[in-house]
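Counting starts at 1 for both ligands and their atoms, following the listed order. Counting begins at 1 with the first residue of the sequence.
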Amino acid sequence: MNSRQDPVKRFERNRFFLKDTIRQSIDFGSTEQSRQVPAPPLQKPCPADALRIDLPDGAAAMARLCSMGVTEAIRQRESVRSYSAGALTLEELGALLWATQGVRRVLSPASALRTVPSAGARHSFETYVAASRVEDLPSGLYRYLPFDGQLAQLYLDGQIGRKAAYACLGQRFVANAAATFFWTTIPARVEWRYDLAAHKVIAIDAGHVCQNLYLACTALGGGTCAIAAYDQEACDRLLGVDGDEEFTVYLASVGKR
Ligand SMILES: Cc1cc2nc3c(=O)[nH]c(=O)nc-3n(C[C@H](O)[C@H](O)[C@H](O)COP(=O)(O)O)c2cc1C
């Protein structure tokens, strides 16, 4: 039978994910938050032995480097898959990280506001940067520490761009990017508040993050391309995450035009 002949059966479960029906079945009186279980940390702890690199102030960098206003950035936004050999500066990288996941205000040990919206301000993402051409950063894998305004150097690897492209199912433009952003989710941060209603909002939240990257890249004169076609296991392995409590959900390549 052609799959389109009985689409309800074939697509039902996945379409259900897009609806909010599941909320009716959740007892919000017994979520972890309601039971006063401590919330997961707002930021994944940094490995004790990781070198930390201070980032320039992201908001100041963005203000200094922006060559256009929001109207023009929205007008010019597009996916860019062709990059020049130019390197990003650390200031540019700091601006892009701030625009996508920077912290605006810490409300309590359990919650903070960032430069992007997030359901219940739960912000489940961690940002990893596979840096191939960033001034003052040796080629390798880094993790953004938004609460510290720093990058953690996870490991050095001169082939990180090629490996990122392989993990993106061989999409060649990834190998030529100056850097590739990998966003992982730590679902427990959202499940703590929303239980089974967490997962759809995590997917929605990811879109906001990448849209800010598009707009910030455009305003800085660079280019980015969202990536959702990737090898789950290869990405998780590259980042060194366990694939259960933390796993890749979205990526974007970044470079100079
Ligand atoms: C969720 C999502 C996933 C995407 N995944 C990929 C991808 O894996 N590879 C790719 O080359 N482009 C990817 N894109 C970019 C789209 O192809 C692009 O946004 C679309 O062609 C429209 O072009 P524009 O962004 O220039 O308007 C993705 C975009 C989104 C929003």
Side-chain angles (χ1 to χ4, degrees), residues 11 13-20 66-85 88 92 96-97 99-101 114-119 122-133 141 160-187 190 198-239 241 243 246-257:
F11 296 128
R13 198 162 48 98
N14 282 9
R15 285 182 179 176
F16 183 78
F17 168 81
L18 291 172
K19 301 179 181 179
D20 202 29
C66 265
S67 60
M68 64 184 73
V70 70
T71 308
E72 206 43 39
I74 292 170
R75 198 197 309 274
Q76 291 188 23
R77 183 219 62 83
E78 62 179 344
S79 293
V80 176
R81 300 179 184 82
S82 178
Y83 310 109
S84 74
L88 292 175
E92 286 167 332
L96 297 177
L97 288 166
T100 48
Q101 281 289 272
R114 302 201 188 196
T115 50
V116 287
S118 168
R122 298 311 306 146
H123 294 286
S124 74
F125 305 119
E126 293 288 331
T127 309
Y128 293 76
V129 180
S132 295
R133 290 189 310 282
L141 187 75
I160 195 75
R162 197 182 54 74
K163 290 179 183 173
Y166 171 81
C168 293
L169 304 172
Q171 299 193 63
R172 280 213 207 119
F173 63 93
V174 178
N176 297 327
T180 297
F181 284 34
F182 288 69
W183 291 292
T184 63
T185 180
I186 298 181
V190 193
H199 310 104
K200 177 186 168 184
V201 296
I202 290 172
I204 295 172
D205 279 359
H208 306 138
V209 177
C210 195
Q211 179 68 359
N212 264 22
L213 182 62
Y214 268 98
L215 295 177
C217 264
T218 306
L220 298 185
T224 187
C225 183
I227 300 166
Y230 61 91
D231 178 328
Q232 186 69 50
E233 284 184 14
C235 283
D236 292 345
R237 213 177 312 120
L238 192 68
L239 304 184
V241 298
E246 181 183 8
F247 50 88
T248 310
V249 283
Y250 204 12
L251 303 86
S253 53
V254 175
K256 296 269 191 169
R257 303 195 71 158

Would Tyr230 and Gln232 satisfy side chain to side chain donor-acceptor pair (under 3.5 Å), going step by step from the backbone distance to the final call?
-> CA-CA 6 Å; Tyr230 61 91; Gln232 186 69 50; 3.0 Å; yes

Between Arg257 and Glu78, is there a salt bridge with N-O shorter than 4.0 Å?
-> yes

Only heavy atoms count here, so choose which of Gly207, Cys168, Ser79 is nearest to atom 26 (O) of ligand 1.
-> Ser79

Could you check [atom] against the protein and tell me its nearest heavy-atom contact, residue, atom and distance included?
| atom | answer |
| --- | --- |
| atom 27 (O) of ligand 1 | Arg77 NH2, 2.7 Å |
| atom 14 (N) of ligand 1 | Ala226 O, 3.2 Å |
| atom 12 (N) of ligand 1 | Arg81 NH2, 3.2 Å |
| atom 3 (C) of ligand 1 | Ala228 CB, 3.4 Å |
| atom 9 (N) of ligand 1 | Gln171 OE1, 2.7 Å |
| atom 31 (C) of ligand 1 | Tyr250 OH, 3.5 Å |

Gln76 atom CD: more than 12 heavy-atom contacts under 6.0 Å |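 Atom CD in Gln76 is packed in, count exceeds 12.
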
Would Leu213 and Trp183 satisfy side chain to side chain contact (heavy atoms under 4.5 Å, CB included), going step by step from the backbone distance to the final call?
-> CA-CA 12 Å; Leu213 182 62; Trp183 291 292; 3.7 Å; yes

Kindly compute the distance separating CG (Asn212) from CG (Leu96), expressed to the nearest 0.5 Å.
->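 Answer rounded to 0.5 Å: 10.5 Å.
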
For ligand 1, indicate whether the residue Cys225 contacts it via side chain, backbone, both or neither (heavy-atom separation under 4.0 Å).
-> side chain

At less than 4.0 angstrom from any non-hydrogen atom of [X], what atoms of ligand 1 do you find?
| X | answer |
| --- | --- |
| Phe173 | 11 (O) |
| Glu78 | 26 (O) |
| Ala229 | 8 (O) |

Test applied, side-chain contact (heavy atoms from CB on, under 4.5 Å); reference residue, Ser124; option that passes from Asp205, Val249, Ile202 = Ile202

Would you say Tyr230 contacts ligand 1, with heavy atoms under 4.0 Å as the rule?
->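 No, that is not the case, since the closest heavy atom of the residue is not under 4.0 Å from the ligand.
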
Mind running side chain to side chain contact (heavy atoms under 4.5 Å, CB included) on Ser79 and Phe173 for me, showing each step along the way?
-> CA-CA 11 Å; Ser79 293; Phe173 63 93; over 6 Å; no

Is any heavy atom of the protein nearer than 4.0 Å to atom 22 (C) of ligand 1?
-> no

With side chain to side chain contact (heavy atoms under 4.5 Å, CB included) as the test, would you mind laying out the steps for Leu238 and Phe182 before giving the verdict?
-> CA-CA 10 Å; Leu238 192 68; Phe182 288 69; 3.8 Å; yes

Glu126 and Thr184: side chain donor to acceptor below 3.5 Å |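 No, because no side-chain N or O of Glu126 sits under 3.5 Å from a partner of the opposite role on Thr184.
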
